[in-house]
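Please see the structure below; I have some questions.
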Number of protein chains: 2
Amino acid sequence: MTKDQSTEARIKEAASTIFMKKGLTGARMQEIADAASINKAMLHYYFRSKQKLFEVIFAEKVDALFTAFARIFQSEGTFREKIEQFVDLEITFISTFPSLPLFVLNEAAKNPSFVEDHMRSRKEILKQSLKITYDQMKIEFGPDIIPLDHFMINIFSLCIYPIIARPIAKVMLDKDDAAYDVFIESRKKHVTELLLQTIKVKS
Amino acid sequence: MTKDQSTEARIKEAASTIFMKKGLTGARMQEIADAASINKAMLHYYFRSKQKLFEVIFAEKVDALFTAFARIFQSEGTFREKIEQFVDLEITFISTFPSLPLFVLNEAAKNPSFVEDHMRSRKEILKQSLKITYDQMKIEFGPDIIPLDHFMINIFSLCIYPIIARPIAKVMLDKDDAAYDVFIESRKKHVTELLLQTIKVKS
DNA sequence: GTCTATAGGCGGATAGAC
DNA sequence: GTCTATCCGCCTATAGAC
């Protein structure tokens, strides 16, 4: 928490860390204040209430997720290269912020309407990028390919779930943290091949 | 919350509901007491503290998950039938208790050591069942098949993630709840075919 | 075992000086 | 804008009667 930032920036950075780790209900205003090296009163001065502060942070996180995904999809090249890059970048991104998806999913589950409203405006960028890739698939492989819905969900499932399920998967696969990192790294190639191989999967 | 149960059973049922919905920190003892049609004092009489009550419930949920998975794996028949049944039963099970995986993953992330210790004793049943299916794969398809680790994680990812990501996926796929239910149902066949088709995927 | 009443403290929020 | 001091309600937990 570097001192040479505006107070508001420091608060947001601190709140981001604490909320991600403990969730809305688990976080304490005092803890956020400490992490930002200010006192509780300032939190209320800048963001009025805990709820408001949380909503600002949460909205930013959803944006971060969606824009990251959208940017990842905008890679250039052949269809194979696109998938390769997308899987690589997505796994890398989620690995860098491993608590982000669980945080979003969890708070989304607890407050569906709030989240849905916020995402609705963001999804078009993502859908459009994906559509282009999908059309490219159709040209290359013909019209009889995996439905877009399944394709989309498969990518996200295969990239994200292994990272958010780490504590459980570690135990099931008998791996320590280092070994699990290697495993996740190896999934980049595995998932890419799997996706390419299942373009013509029977519905 | 049927009245004709022991108090302890009613408390556990109520606590289960509330904790799953709101998490440890979001849940209120008063709320649990109300749901169980008793008063707060009884909660402490039976379970001493909120933390203890939570741990009992959480342990039960982890057990429920693992034993359900283990039982699902113990299906009989050809390899194809096994995969078919496993995917079908797993998606059905998670759909019936959609907040269970997110609850476990979330609390696991917040308290890794507690969870890991508890699971370590449970995992063997599951691993053994899966190993049998995998050996069957080897006999049928030869030794050059998808690594067990990836196979295992792929199954869970493809079955579980679409259900826990429902609020987000709904928006991305432009589906209402009914349409999303249909989609999840359609994944039973899709995921089965995908898994069967990728047994010989390049590592 | 079950209840009421209450302790005790934590945590979000505000007042008000500087 | 930033701080200290403080309010006040909520929430866990316990005491103690029945």
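First the proteins, then the strands, lettered A, B, ... as listed; each starts at 1.
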Tell me what Ala27(A) touches on the nucleic acid: a base, only sugar-phosphate, or nothing, going by heavy atoms under 4.0 Å.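 The answer is sugar-phosphate, as Ala27(A) gets under 4.0 Å only of primed atoms, P, OP1 or OP2.
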Show every ring pair (Phe, Tyr, Trp, His ring centres under 6.0 Å) that has at least one partner inside residues 88-113 of chain A, sequence neighbours left out.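 Listed once each, the pairs are Phe54(A)-Phe103(A), Phe58(A)-Phe103(A), Phe93(A)-Phe97(A).
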Quick test of your reading: applying salt bridge (charged side-chain N to carboxylate O under 4.0 Å, His left out), list the pairs with at least one residue in residues 124-133 of chain A, sequence neighbours left out, ordered by first then second residue.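 Qualifying pairs: Lys127(A)-Asp174(B), Lys131(A)-Asp135(A).
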Which nucleotides of nucleotides 5-10 of chain C have their base under 4.0 Å from a protein heavy atom (B), which only their sugar-phosphate (S), and which neither (-), written as one string 5' to 3'? ------
Distance check needed: dG1(C) C1' versus Glu8(B) CD, whole Å only.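 Spelled out: CD on Glu8(B) to C1' on dG1(C) is 12 Å.
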Please list, chain by chain and in numerical order, all residues satisfying side-chain contact (heavy atoms from CB on, under 4.5 Å) with Glu8(A), sequence neighbours excluded.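 Glu8(A) satisfies side-chain contact (heavy atoms from CB on, under 4.5 Å) with Ser6(A), Lys12(A), Tyr46(A), Phe47(A) only.
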Are the side chains of Lys61(A) and Ile57(A) in contact, using a 4.5 Å heavy-atom criterion?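 Ile57(A) reaches Lys61(A) side chain to side chain.
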Using whole Å, what does the distance between atom P of nucleotide dG1(D) and atom CD of Gln5(A) come to?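 Atom CD in Gln5(A) sits about 16 Å away from atom P in dG1(D).
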Rounded to whole angstrom units, what separation is found between the CG atom of Leu24(A) and the P atom of dG11(C)?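 Value for this atom pair: 14 Å.
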Reckon Thr7(B) has a side-chain N or O less than 4.0 Å from the OP1 or OP2 of dT2(C)?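 Yes, within the criterion.
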Separation of dT12(D) P from Met42(B) CE (nearest whole Å):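 Taking atom P of dT12(D) as the reference, CE of Met42(B) is at 17 Å.
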Report the distance from atom CG of Asn39(B) to atom P of dC11(D), rounded to the nearest whole Å.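 Computing the Asn39(B):CG to dC11(D):P distance gives 17 Å.
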For the backbone of Phe141(B) and the side chain of Lys200(B), can you confirm whether one donor and one acceptor N or O come within less than 3.5 Å of each other?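 Yes.
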Closest heavy-atom contact between Thr198(B) and Leu194(B)?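 Scanning both residues, the minimum pair turns out to be OG1-O, 2.9 Å.
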Give, ordered by number, those residues of residues 44-55 of chain A having at least one heavy-atom distance below 4.0 Å to an atom of DNA chain C; if nothing qualifies, reply none.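 Correct list: His44(A), Ser49(A), Lys50(A).
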Roughly, in whole Å, what's the span from CD in Glu31(B) to C1' in dC10(D)?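 About 13 Å, once rounded to whole Å.
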Whole-Å gap separating P (dG1(D)) and CD1 (Ile11(A)):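 Whole-Å distance recorded here is 11 Å.
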Which residues pass the side-chain hydrogen bond (donor to acceptor under 3.5 Å, both in side chains) test with Glu76(A), sequence neighbours left out?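 Glu76(A): no side-chain hydrogen bond (donor to acceptor under 3.5 Å, both in side chains) contacts found.
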Does any non-hydrogen side-chain atom of Arg166(B) lie less than 4.5 Å from one of Asp177(B)?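 In short, these two side chains touch, coming nearer than 4.5 Å.
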Any non-hydrogen side-chain atom of Leu130(B) less than 4.5 Å from a side-chain atom of Phe69(B)?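 Counting from C-beta outward, Leu130(B) and Phe69(B) never come under 4.5 Å.
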